[in-house]
Protein chains: 2
Amino acid sequence: MDQTATGLDDNLLEVILRQKDDLRKSDRRVAEVVLASPGEVVAMTLAQLAKEAGVSEPTVIRFCTAIGCEGYRDLRVKLARSMAFARSTSHTAITSDDDLGALITKIFDYNLSNLNWAQSKLDEAAVRAAVDLLAGARRIEFFGFGASGIVARDAQQKFPLFGTPCGAPSDAHQMYMTAEMLCAEDVAVGISNTGHTREIVDALQVARGNGAGTIGIAGQPSPMLDHCDVPLVVETLENTDLFTPTVSRLSHLVVIDILSTAVSLRRDETHHQRITRMKARLAQRRGKLNPTSTSDSSAG
Amino acid sequence: MDQTATGLDDNLLEVILRQKDDLRKSDRRVAEVVLASPGEVVAMTLAQLAKEAGVSEPTVIRFCTAIGCEGYRDLRVKLARSMAFARSTSHTAITSDDDLGALITKIFDYNLSNLNWAQSKLDEAAVRAAVDLLAGARRIEFFGFGASGIVARDAQQKFPLFGTPCGAPSDAHQMYMTAEMLCAEDVAVGISNTGHTREIVDALQVARGNGAGTIGIAGQPSPMLDHCDVPLVVETLENTDLFTPTVSRLSHLVVIDILSTAVSLRRDETHHQRITRMKARLAQRRGKLNPTSTSDSSAG
DNA sequence: ACCCCAAAGGTAGTTTTCCTACTTTTTTCT
DNA sequence: AGAAAAAAGTAGGAAAACTACCTTTGGGGT
């Protein structure tokens, strides 16, 4: 079994795209049509699709089985599900011609597809290892710059869930100093989408050299991950367009959510009670519009 | 036409859940079955579903039309698509009994459903108004605390896209001082999921009093939005469970993405060229593993 | 209390859709 | 070039989805 045990590998459009070149000639014609406008196809009947692709009906059936579907009915269902996120295939670049509605759709779609992709590619075993490490930590430090700095800060705010002091130094010097002071029972978490950011790699190496556990969150195999006890790859959909926003942040934030929640669940009943009480009081403060409140869902 | 013109309202499970109580008795039996295990249902045939629900086949058809589907075929497709994200209905609370796999699925699902919901409820006209205001700003300040503070900081980092100086004061005093110094051509953006955070409301009032344009991003109609030129409601799925993470951040971040991108698109060619150049050089720095680089996709 | 009317639900039959057995065409290898 | 195997098509049969019609149930009104 691979990491797709979550059952999310039924991204049919992806499968079709990958297998397209290995298909029979006529089947490929069908594949073209499906890929070109999956939205139309789910509404089509078998005969219509056959006509559209210029092939016979049994060919369409054969195409279905070739890409791993039970039959046409199954294809439709899988396709529909696939489309919900993997609208990625229809992701055209954002241009100045787009009106606001198109822009909204594109950006949401892009982020949704990306999250889905990240989920399907996430290695559960690696996450488990990270949770093990974090759960035993006496102190946790998160290292990240730029957009990843945002993620680090968010993680640090999740301190109540970790039940352990958390830090997120914001500049390279602080980061270096912090890393140097870590020791055996501490954990350092590096966050960098490229996995190449030099300071982060250095900081993790220093931390590791001092005996601290190290976790790396990156979008791809990279130098940073080579220096970590637990490398965590959070895949991102490639994106080279001018105006496409940074989608990696979101998946990184979700991974942080998962880690903090998983660690929290490992704690004992007392810890849970504290969180319950904290949440209740927070809600209370909000209800009162308490003027000294600086809280705004600071506790996940 | 309401704001669901994006065509994303086909969150069928949501629709069924909402209409369930208004359905005929037998139809409701069908609804129960569908809601209980939508995954099974997409694989079922009309007759099977009828048997499972203990009703006749035409009743199932009537159920289909009642909830707005063309027929059973259509139901299946819509259901399949709906399941991809709107697994929301199957969102059971996160408990200590969950294994890691379940946790990962739940947290991703929750965030995906939430983004989807936010998109379907987003008011395009309000977004347009916000973009108009931001595009004409001489300076933009983002106000947020806690999790929303993260969002504010992220927005501030998007400064290159806005093409306008951006700030995100991190404490209440700085925020107040900043608000007091804003004037007619400036814009203040308040971010608060509850929309009740007192300091933010105050800061926006001050900013507005000084003639600055004001935009509010909140999860619901609230005091903060009452004091804004442009109120922007970014709906969040309700969530009272102990361990469920804050999902609002993600949708707020996406809205910030939309706003910054939309503003950027309004700028002239020179601006676009600068961004292109900036991105290229950033990539170059990364490639070199330049030791002075503090960049990690800081430019959205 | 009874009857009537309307709405809900079921039965049976029709049509559409999907799939399979078999034939023809194309391709590939000796 | 010819034979065997793979690919594509034709036609017919099974099954699924839908519709027209009938029965039942339940809620007023006299």
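Computation of the quantities below employed the complete heavy-atom set of this structure, encompassing side-chain atoms and omitting hydrogens, waters and symmetry-equivalent molecules. Owing to the predicted nature of the structure, the values given are computational and were not obtained by experimental measurement. Naming: A, B, ... by sequence-line order, numbering from 1 per chain.
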Problem - Minimum heavy-atom distance between A/Leu13 and A/Leu79, given as atom pair plus value - result: CD2-CD1, 3.9 Å
Got a list of side-chain donor-acceptor pairs under 3.5 Å for residues 61-74 of chain A, not counting sequence neighbours?
from    : atom 1 : to      : atom 2 : distance (Å)
A/Thr65 : OG1    : A/Arg62 : O      : 2.8
A/Tyr72 : OH     : A/Met44 : O      : 3.0
A/Asp74 : OD2    : A/Glu70 : N      : 2.9
A/Asp74 : OD2    : A/Lys78 : NZ     : 2.8

Problem - Pair A/Ser264-A/Thr261, side-chain donor/acceptor within less than 3.5 Å - result: no
Fill in the blank from the handout: Note: for B/Val55 and B/Arg73 on DNA chain C, the residue whose nearest nucleotide lies more 5' is B/Val55
Problem - Short side-chain to backbone donor-acceptor contact, B/Ser222 and B/Gln220, under 3.5 Å - result: yes
Fill in the blank from the handout: Note: chain B reaches DNA chain D at heavy-atom distances under 4.0 Å over the stretch, first to last nt, 5' to 3', of D/dA16 to D/dT19
Practice task
Could you list by number each residue of residues 58-72 of chain A showing a heavy-atom separation from DNA chain C of less than 4.0 Å, or answer none if no residue does?
Solution key: A/Pro58, A/Ile61, A/Gly71, A/Tyr72
Exercise for the section: Enter the distance from B/Asn111:CG to B/Leu115:CG here, rounded to the nearest 0.5 Å. Expected result: 6.5 Å
Exercise for the section: Extract, from 5' to 3' on DNA chain C, the first and final nucleotides lying under 4.0 angstrom from some heavy atom of chain A. Expected result: C/dT17 to C/dT27
Problem - Donor-acceptor contact present, side-chain A/Ser260 to main-chain A/Ile256, <3.5 Å - result: yes
Handout entry: B/Gln19 (side chain) donor-acceptor with B/Ile16 (main chain) under 3.5 angstrom
Key = no
Handout entry: Under-4.0 Å salt bridge between B/Arg249 and A/Asp257
Key = yes
Exercise for the section: Could you identify which residues of residues 40-49 of chain A place a heavy atom less than 4.0 Å from some atom of DNA chain D, listed by residue number, or say none? Expected result: none
May I have the list of side-chain donor-acceptor pairs in residues 29-43 of chain A shorter than 3.5 Å, sequence neighbours left out?
from    : atom 1 : to      : atom 2 : distance (Å)
A/Arg29 : NE     : A/Ala53 : O      : 3.3
A/Arg29 : NH2    : A/Gly54 : O      : 3.0

